[in-house]
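Before any comments, here is the structure.
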Amino acid sequence: MAQTISIQAALDLIKDGDHIVAGMAAAEGKALFGALHTIAPRVKHVTIDNCLPLSPYPFMLDEAYKNTFTIHSWFFSGDLRKAYHHGNIHFIPNHLHFAGVKRLDFLKPDLYIGNATPPDEHGYVSLSLGNVYEKRMIQQAKTVILEINPKLPRTFGDMEVHVSDIDYMVEVDYDVPVLPDTEPNEKDLAIGQHIASYIHDGDTLQLGIGAIPNAVAYALKDKKDLGVHTEMLTTGFMKLYQQGVITNKKKTLHPGKMVAAFALGTRELYDFLNDNPGILLLDGNYVNDPSVIAKNDHQVSINTTLQVDLAGQCASESIGSVQYSGTGGQTDTATGAQKAKGGRSFIALYSTAMVKNEKGERTETSKIVPQLLQGAFVSLSRNDVDHIVTEYGVAELRGTSVDERARRLIQVAHPKFRDELTEQAKKLGFF
Ligand code: COA
């Protein structure tokens, strides 16, 4: 049965050479990771697997700890990007639905550190905001330490863990990390309108991470009976539900329920999730499996990218060879949606980005390019791309040849780059 211990006693359990797996994003053990650096004088070669860490932990950010802690990450956050040059942070390539499964084929964790709600009267805690890989890690880790936080929402699906399966509990009451809701700008609204014209009443949606997918939700307020089967449950989905747009009634898999693998958003979202039997948070290996996604008729996937080339390859997680975020479920959800009866997938991006040149000045550059930056990692292959959307419209690429898709992509590029892109496409032999 789980023993309740202090933060210090929990840190004392970590030994030389231990491999720790952290819960993802808001499912992270914020108190323990916030104090992890304090054991640096006593331990050597501790490794941590994490995924979208949301807090500025000294063990990650302070170069003084780079020889003690090595970090492997499935999805970089701003803090990991900042500290990457220290040399102790390494990316783990993966499709989200395989994240936990394949890592466990490679190694077994010594410790799992995450968070959960206080136990209910039957002795079950809820893993609350994340089950991308968390529960299967709990089942495999030698030692399980959960921070028990009454501010976490109790969620349903496959989130329950009995106290007999937990080794140690640490009582905390910090505020749960949030992702603020941003107002869409003019470009977001234009992209949202373009995508909305392709969404039909009764469709089931997946919205990805980033500013644009959240803005798309704003454009859907006049739709009816939408459903949700998504990797990440967002504030945008909550608002659509509250507006009566999402009913989940027409879903062919888990009708009547919103399905997701993790949730990240505002405090209002967490309150909405609390004790809400209409929401199923299930294992990411199930939720994001393309063959499971495909069981939802009329499934629509909407994600974003950083750069797309004229053949339709999407570099969504790196700028050149510099890792920016992660593949997450981009391929899972795009291919799953396209396998579904009546399914569609969209990759939305602004036509341009402001990028620093050699002089350090910001200049406007096209995000639709003849060739990806050298070393860029492709998150969605040209074979799997379907629609590409910018503020200038929608390029329907499904089934097209390279010359046709290059033409269609140039039509949605920023007008000031279209001639140059056409010239480059000719040089590459596309036309
Ligand atoms: N060249 C250089 N810099 C670029 C660029 C390009 N082609 N495109 C964007 N950038 C810069 C932006 O200017 C911005 O810089 P800033 O922070 O200094 O303003 C930064 O990169 C981020 O771009 P932005 O478009 O604001 O990103 P976002 O926060 O909306 O996130 C992704 C977009 C692509 C990073 C994010 O959606 C992602 O990681 N996707 C892959 C995973 C995924 O889709 N999973 C699916 C299910 S959750």
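All ligand and atom numbering here is 1-based and tracks the order in the structure.
Each of Y84, W74, Y324, F76 was checked for a ring pair (Phe, Tyr, Trp, His ring centres under 6.0 Å) with F91, and the lone residue meeting it is F76.
Identified under the salt bridge (Lys or Arg N to Asp or Glu O under 4.0 Å) test for residues 60-78, with sequence neighbours left out: E63-K66. Counting only residues at least two apart or in different chains, salt bridge (Lys or Arg N to Asp or Glu O under 4.0 Å) contacts with residues 351-375 comprise E364-K416.
The residues K135 and D283 are annotated as not salt-bridged, no charged nitrogen and carboxylate oxygen being separated by less than 4.0 angstrom.
Judged as a side-chain contact (heavy atoms from CB on, under 4.5 Å), and not counting sequence neighbours, the contacts of L179 are M232, L264.
Between H387 and F346, the ring-plane angle classifies as parallel under the 30° and 60° cut-offs.
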Could you list, one pair per line, each nitrogen or oxygen of ligand 1 together with any protein nitrogen or oxygen closer than 3.5 Å, giving atom names and the distance rounded to 0.1 Å?
{"unit_1": "ligand 1", "atom_1": "7 (N)", "unit_2": "L306", "atom_2": "O", "d": "2.9"}
{"unit_1": "ligand 1", "atom_1": "8 (N)", "unit_2": "L306", "atom_2": "O", "d": "3.3"}
{"unit_1": "ligand 1", "atom_1": "8 (N)", "unit_2": "K367", "atom_2": "NZ", "d": "3.1"}
{"unit_1": "ligand 1", "atom_1": "18 (O)", "unit_2": "R362", "atom_2": "NH2", "d": "3.3"}
{"unit_1": "ligand 1", "atom_1": "30 (O)", "unit_2": "A211", "atom_2": "N", "d": "3.2"}
{"unit_1": "ligand 1", "atom_1": "37 (O)", "unit_2": "I209", "atom_2": "O", "d": "2.8"}
{"unit_1": "ligand 1", "atom_1": "37 (O)", "unit_2": "T304", "atom_2": "OG1", "d": "2.5"}
{"unit_1": "ligand 1", "atom_1": "39 (O)", "unit_2": "S325", "atom_2": "OG", "d": "2.5"}
{"unit_1": "ligand 1", "atom_1": "44 (O)", "unit_2": "Q330", "atom_2": "NE2", "d": "2.8"}

